[in-house]
Protein chains: 2
Amino acid sequence: MNKILVVEDEESLRELISFNLTKAGFDVVDSENANDALIFIEEITPDLIILDIMMPGLKGTQFLQILKRSPKYSSIPVIIISARSSESDIVDGLELGADDYITKPFSMKVLIAKVKILLRRVSKKEDNVINYKGIYVDIDKYKVFIEDKEISLTYKEFELLLFFLKNPKKVFTRSQLLSNIWGYDAEIFTRTVDSHISSLRKKLEDKGELIKSLPKVGYVLE
Amino acid sequence: MNKILVVEDEESLRELISFNLTKAGFDVVDSENANDALIFIEEITPDLIILDIMMPGLKGTQFLQILKRSPKYSSIPVIIISARSSESDIVDGLELGADDYITKPFSMKVLIAKVKILLRRVSKKEDNVINYKGIYVDIDKYKVFIEDKEISLTYKEFELLLFFLKNPKKVFTRSQLLSNIWGYDAEIFTRTVDSHISSLRKKLEDKGELIKSLPKVGYVLE
DNA sequence: AAATTGTGTTACAATATTATCATAAAGATT
DNA sequence: AATCTTTATGATAATATTGTAACACAATTT
């Protein structure tokens with residue numbers, strides 16, 4: 001999730017922007033002045049900054065200069081918002097190093113679209129994920145969430161869950177599971193699978209009920 | 001010198017834009033329709049495109065779609081110019097993949113400032129610094145700082161850290177790390193990785209805890 | 001040449017995971 | 001209902017993995 005820092009002195013506008021960005025799925029931190037903003041940048045290193053250029057105290061322009069001179073943070077994209085819409089204001093803002101300039105009043109949808117564009121180039125890698133009935137698995141990260149709450153699985157539990165998720169509604173015998181996940185060939189009589197199913201079900205909480213057992217056959221993820 | 005392709009059907013505006021861009025030091029090619037523009041792109045591969053979205057013949061939107069679907073040219077930045085200024089027009093244009101949207105009538109100075117911004121970002125060579133959760137790496141200088149304090153890493157430790165920083169939160173097996181950092185078929189035991197992880201963790205002090213080990217899987221930078 | 005540094009290997013203790021087993025629970029069959 | 005079969009699950013032992021210090025050797029520096 002991308003982090004956005006909103007620097008705006010006017011409370012109602014700051015809250016409106018924060019609310020809309022949060023709703024759009026961003027992780028928002030806001031600051032009512034540029035001095036605090038500099039501290040936040042150190043702390044959270046945002047992926048993008050929305051900056052009101054006219055503020056009491058440290059001016060937006062000064063803030064932008066400081067930011068753009070810092071090798072550490074100069075690459076963070078900045079969108080300026082400003083009530084001033086004259087040609088020279090816009091050109092000045094952009095020449096200071098801002099990546100976009102939006103004049104007040106502005107549309108939240110447009111702001112969000114512009115935020116997305118600027119972030120598009122930064123985070124282009126797509127995730128390898130599976131989402132099935134409230135079970136969310138990020139395969140590359142080895143992470144599992146049930147209804148947005150992360151749970152921790154062991155290797156075998158993870159592999160087992162992943163196998164079911166890749167083959168939902170298909171019934172597997174214990175030997176099939178053993179050969180696919182454990183790599184065993186022989187038709188061994190063992191309760192090992194049962195045992196792992198049991199602990200997986202418990203960790204999946206109510207989603208555990210999605211793993212059904214079919215007597216005399218095996219297991220399915222419904 | 002940067003090459004800019006201007007796609008605009010209205011002759012007077014096309015000439016005005018071309019004239020101003022040329023005066024600003026750009027190498028301009030113009031096209032009065034989108035079909036021709038596609039040919040120019042093949043021939044000259046411009047660094048940036050200025051596109052009127054409403055044109056007879058092949059529409060600007062269609063042109064943009066074709067462009068953005070082409071892996072070869074999808075990264076060329078596009079500035080849309082349009083008489084339509086409604087919120088939905090702007091959002092649609094941006095979502096199609098444009099990098100900016102300017103409504104007619106517009107200021108030439110602003111257009112040029114925006115062109116410069118987009119070119120600045122493209123021409124800026126890929127980041128040679130990484131800043132992640134208090135770990136700051138200057139790749140060219142081979143320097144690593146944790147919370148502004150410089151630490152000294154060996155070559156392998158540095159490469160290992162860099163690899164993790166470039167792929168944060170992704171889990172890698174020891175073999176993956178070996179092949180990515182040590183080379184193709186380095187005849188090396190996987191426990192070597194553990195060893196290096198261990199020393200890297202120690203040098204990273206409290207940040208060392210960001211490198212997590214996943215039993216039976218590998219390591220991740222959280 | 002000696003000292004230092006970087007790297008890969010090994011050994012062993014500390015951890016974590018997994019398989020197995022015993023027993024309970026559930027379901028089927030008569 | 002009684003009996004038999006199958007599944008669930010917790011405890012525990014067995015196994016596998018990981019962390020790290022120690023060491024050897026090569027490369028580099030002094």
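Keep in mind that the numbers below use all heavy atoms, side chains included, and drop hydrogens, waters and symmetry copies. Residue numbering restarts at 1 for every chain, and letters A, B, ... go by the order of the sequence lines. All figures in this text were calculated on a predicted structure; none of them were measured in a lab.
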Rounded to the Å, how far apart are [X] [atom1] and [N] [atom2]?
| X | N | atom1 | atom2 | result |
| --- | --- | --- | --- | --- |
| Asp194(A) | dT6(D) | CG | P | 12 Å |
| Ile197(A) | dT20(C) | CD1 | C1' | 17 Å |
| Leu200(A) | dT9(D) | CG | P | 11 Å |
| Lys212(B) | dA16(C) | NZ | P | 13 Å |
| Glu209(A) | dA26(C) | CD | C1' | 16 Å |
| Arg201(B) | dA21(D) | CZ | C1' | 15 Å |
| Arg174(B) | dT17(D) | CZ | P | 9 Å |
| Ile211(B) | dT20(D) | CD1 | P | 11 Å |

Please confirm whether Phe158(A) and Tyr142(A) have ring centers closer than 6.0 angstrom.
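Distance test on ring centres: under 6.0 Å, yes.
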Centroid separation under 6.0 Å, is that true for the rings of Tyr219(A) and Phe164(A)?
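So the answer is no for these two rings.
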When all nucleic acid strands are considered with a 4.0 Å heavy-atom cut-off, which category describes Leu214(B): base, sugar-phosphate, or nothing?
sugar-phosphate
Contact class for Arg191(B) vs. all strands (heavy atom < 4.0 Å): base, sugar-phosphate, or nothing?
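Result for Arg191(B) = base.
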Per Tyr219(A) side chain, nearest of listed nucleotides dG19(D), dG10(D), dT7(D)
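Nucleotide nearest to Tyr219(A)'s side chain: dT7(D).
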When you check the gap from the basic side-chain N to the acidic O, do [X] and [Y] get nearer than 4.0 Å?
| X | Y | value |
| --- | --- | --- |
| Lys207(B) | Glu147(B) | yes |
| Asp99(B) | Lys114(B) | no |
| Glu222(B) | Lys143(A) | yes |
| Asp148(B) | Lys72(A) | yes |

Mind listing the N/O atom pairs, protein and nucleotides 17-19 of chain C, below 3.5 Å?
residue: dT18(C); atom: OP1; partner: Lys156(A); partner atom: N; Å: 3.0
residue: dT18(C); atom: OP2; partner: Thr154(A); partner atom: OG1; Å: 2.6
residue: dA19(C); atom: OP1; partner: Trp182(A); partner atom: NE1; Å: 2.5
residue: dA19(C); atom: OP2; partner: Trp182(A); partner atom: NE1; Å: 3.0
residue: dA19(C); atom: OP2; partner: His196(A); partner atom: NE2; Å: 2.6

Taking Thr22(A) for its side chain and Ser18(A) for its backbone only, find out whether a donor-acceptor pair lies under 3.5 Å.
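Flag set: sc Thr22(A) to bb Ser18(A) pair under 3.5 Å.
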Think Ser213(A) has a side-chain N or O under 4.0 angstrom from the OP1 or OP2 of dA8(D)?
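So the side chain of Ser213(A) is within the cut-off, an N or O lying under 4.0 Å from OP1 or OP2 of dA8(D).
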